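Notes to accompany the following structure.
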2 protein chains.
Amino acid sequence: MSRNVEGNLSGNGSGNGNGDGIYRSRASDPSVRRLSDYHRILEDLERSGAEVVSSARLAALAGTNPAQIRKDLSYFGSFGKRGSGYRVAELRAKILAILGLDRRWKVALAGVGNLGQALLAHKEFSRYGFDIVAIFDVDPEKIGHRIAGVEVSPLEDCARVVTLRGVELCVVATPVAAAQVVVEKLSEAGVRGFLNFAPRQVETRGKVELRNVNLTIELEGLTFALHKAGR
Amino acid sequence: MSRNVEGNLSGNGSGNGNGDGIYRSRASDPSVRRLSDYHRILEDLERSGAEVVSSARLAALAGTNPAQIRKDLSYFGSFGKRGSGYRVAELRAKILAILGLDRRWKVALAGVGNLGQALLAHKEFSRYGFDIVAIFDVDPEKIGHRIAGVEVSPLEDCARVVTLRGVELCVVATPVAAAQVVVEKLSEAGVRGFLNFAPRQVETRGKVELRNVNLTIELEGLTFALHKAGR
DNA sequence: CGCTGTGAATGTATTCACAGCG
DNA sequence: CGCTGTGAATACATTCACAGCG
C-alpha cells in the first residue's frame, strides 16, 4: 500500500506508478506544470496570429526566463529552429501531445456538493478534453437525478458504471470521510487517476496516480506571507 | 511592475513582497504548505484524544518522513521534548500562529460564477478563519443581490467597499479577461493578498502576495503521467 | 548573426546521521 | 534510552554560458 510520499498538499503526489514510460525524460513535476502554462500562452499567441515565438518572448509571457523554457522543452525533444525560434502552432501541438491532451478523457465526478457542482459546470474541463461521463454520490436524494445531463449513480454501482462508460479519471469532491472509500472502490474498478479535493491524505494501491488540491492551503499560504511580513 | 517570476501555475507565485518579516526563517514554500497539512492532522489527533505525538508518527500520517517534519518545525523554533515528542494541542496552536491563522481574515470574492458560488459556500474557509465580507461583480443582473448574506457590489465601488469593510484578501474567480483589472483595482484599494483562479498570469505592483490555482493543470498532471506510462 | 539546445555551475529542498537533552 | 534539533551530505531544480546549427 503506497502512501504517496513525495509531493503533497495542495499540488502533488504523483503516485509512483511509473510503468516504463514512452519518454526517457527526466522532466521534473514543476517542469511539466509549466508546460501546461506554455500551452495556454501558445493558444493566445496562435489566436493573435503569431507564427513564431522565441524562448525569450515566451518567457516574458509566462513570467519565467528563457533558459527555463528551453530546458523544459528539451526534456521532450527539440522543437525550435536556431536563429528564429519556435513555430507557434507546431509547438502548441507538440505540448498538447506531451501532456496527453491530444485525445479526450472520460472522467467521473464523486460527490455532488457545492464544489462538485461547480466543477461539473467548469467549462475549462471540457475545453481541454475532459468529459464528465459519470457522477457518484451516496445521498438518496441525489441518486437518479440528472445533473448537466449525467445521471447520478449510487457509489455501490461504481464497478458496473466505470466499466460500462469507460471511466479513466475521477475528481473526488466528497466530504473528507468518504474520500478514502471512493478512491478504493474506483481504483478497484479500474480508474487510474484521481484528483482529490478532500483535505486528507488518501492511500492508494497499485499503479494509481493521485494528486491533491486543497483550496484552504492556498489561502493559508497568503496569510503566512502577510502575517510573517507583519501585515 | 513585478510579474511574479518564481513559482507559477497551479500552486504558486509568492510575490516578492518580503518586507522584513518577523521570522528570520528560511522556510521554503513547500515547507510552509506542509505545515498546513500537519495542522489538519494534529486537529484529528487532538479530537481522538492523543496527548503527544512523535515526528515518526506524524510523518506516517502525513505521508512524509520524520526528518522532514523536524526540519520544517525547526525553521520556527523548537516545540518538542527530547525523548517523548510533541504535545499535540500545543504544537497545533503553534502552527496555527505561524500560519497567521490565530485571527480571522476579511476576504472579498470577485466574480460570482459557478466557481465563485461554490467557494462562497465552502465551509472550510470559514472554519479556518476566512470571512467573506464583500462580493464584487460587473454583471448588472447580480449587483445588489445578496448571496450567502453578502450584497454583490459593482467593481467600480471596490475602493469604497474595501476600506469600509476592511478587506484584506481577495479570491479572484472571474473570467480570464477580468482578472488583471480586478487585481489592479483591489490592490490599489489596499488588498494585500490574492488567490487567483483565472488561468492567466496576472501582474502585480508593490508588496502584494499572489498565488494561482489552476484546476485544469492538476488534471493535466494526471493525463501526462498516465499517457507517459502508456495507459 | 540570432537563436536553440545542453553540459556545467549554482541555488534549493530533502534526507542522513548523530550530538545532546529530558 | 528515545526522541528532538540540526549541521553535513545528497538529491533535485534552475540558471548560466557557450558551442553549434539555420
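Letters A, B, ... are given to chains in the order of the sequence lines, protein chains preceding strands, and every chain is numbered from 1. Everything numeric here is computed off the predicted structure, so don't read it as measured data.
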>> Could you tell me how far apart B:Arg26 (CZ) and C:dT12 (P) are, to the nearest whole angstrom?
In response: 9 Å
>> Expressed as a whole number of angstroms, how long is the span from A:Asn65:CG to D:dT14:P?
In response: 10 Å
> Of the non-hydrogen atoms in B:Asn212 and B:Arg200, which two are nearest, and what is the gap between them?
Replying inline: OD1-O, 4.4 Å
>> Here's a test of your reading of the structure: between B:Gly83 and A:Gln68, which maps to the more 5' nucleotide of DNA chain D?
In response: B:Gly83
>> Looking only at the side chain of B:Lys71 (C-beta and beyond, no hydrogens), which of the listed nucleotides C:dT15, D:dT14, C:dG5 gets closest?
In response: C:dT15
> Among C:dG5, D:dG5, C:dA13, which is the nearest nucleotide to the side chain of B:Arg82?
Replying inline: D:dG5
> Measuring from A:Ser36:OG to A:Tyr128:OH, what's the distance to the nearest 0.5 Å?
Replying inline: 9.0 Å
>> Under a 4.0 Å threshold between the charged nitrogen and the carboxylate oxygen, would A:Arg87 count as salt-bridged to A:Glu46?
In response: no
> When the distance from CD1 of B:Ile69 to P of D:dT4 is rounded to whole Å, what number comes out?
Replying inline: 10 Å
>> Expressed as a whole number of angstroms, how long is the span from B:Arg33:CZ to C:dT12:C1'?
In response: 16 Å
> Within the structure, does a side-chain N or O atom of A:Arg34 lie under 4.0 Å from either OP1 or OP2 of D:dT14?
Replying inline: yes
> Among C:dT6, D:dA13, C:dA17, which is the nearest nucleotide to the side chain of A:Ser74?
Replying inline: C:dT6
> Closer to the 5' end of DNA chain D via nearest nucleotide, is it A:Ser28 or B:Lys81?
Replying inline: B:Lys81
>> Using whole Å, what does the distance between atom P of nucleotide C:dG5 and atom CG of A:Leu58 come to?
In response: 12 Å
> Is the shortest heavy-atom distance from the side chain of B:Val172 to the side chain of B:Leu195 under 4.5 Å?
Replying inline: no
> Which listed nucleotide (C:dA17, D:dT14, C:dT14) is nearest to the side chain of B:Ala67?
Replying inline: C:dA17
>> As a test of reading the structure: which of D:dG7, C:dC16, D:dT4 is closest to the side chain of B:Ser55, going by heavy atoms?
In response: D:dT4
> Do A:Pro199 and B:Glu124 come within less than 4.5 Å of each other through their side chains, counting heavy atoms only?
Replying inline: yes
> Looking at the side chain of A:Thr64, which of D:dT15, C:dT4, C:dA17 is the nearest nucleotide?
Replying inline: D:dT15
>> Whole angstroms only, please: what is the CG-P distance between B:Asp72 and D:dT6?
In response: 13 Å
>> Below the 4.0 Å mark, does C:dG2 have OP1 or OP2 next to a side-chain nitrogen or oxygen of A:Tyr86?
In response: no
>> Using whole Å, what does the distance between atom P of nucleotide C:dA19 and atom CZ of B:Arg70 come to?
In response: 14 Å
>> Let's test this: given Watson-Crick or G-U wobble pairing with both distances under 3.5 Å, identify the partner of C:dG20.
In response: D:dC3
>> Tell me the interatomic distance from B:Asp29, atom CG, to C:dT14, atom P, rounded to whole angstroms.
In response: 10 Å
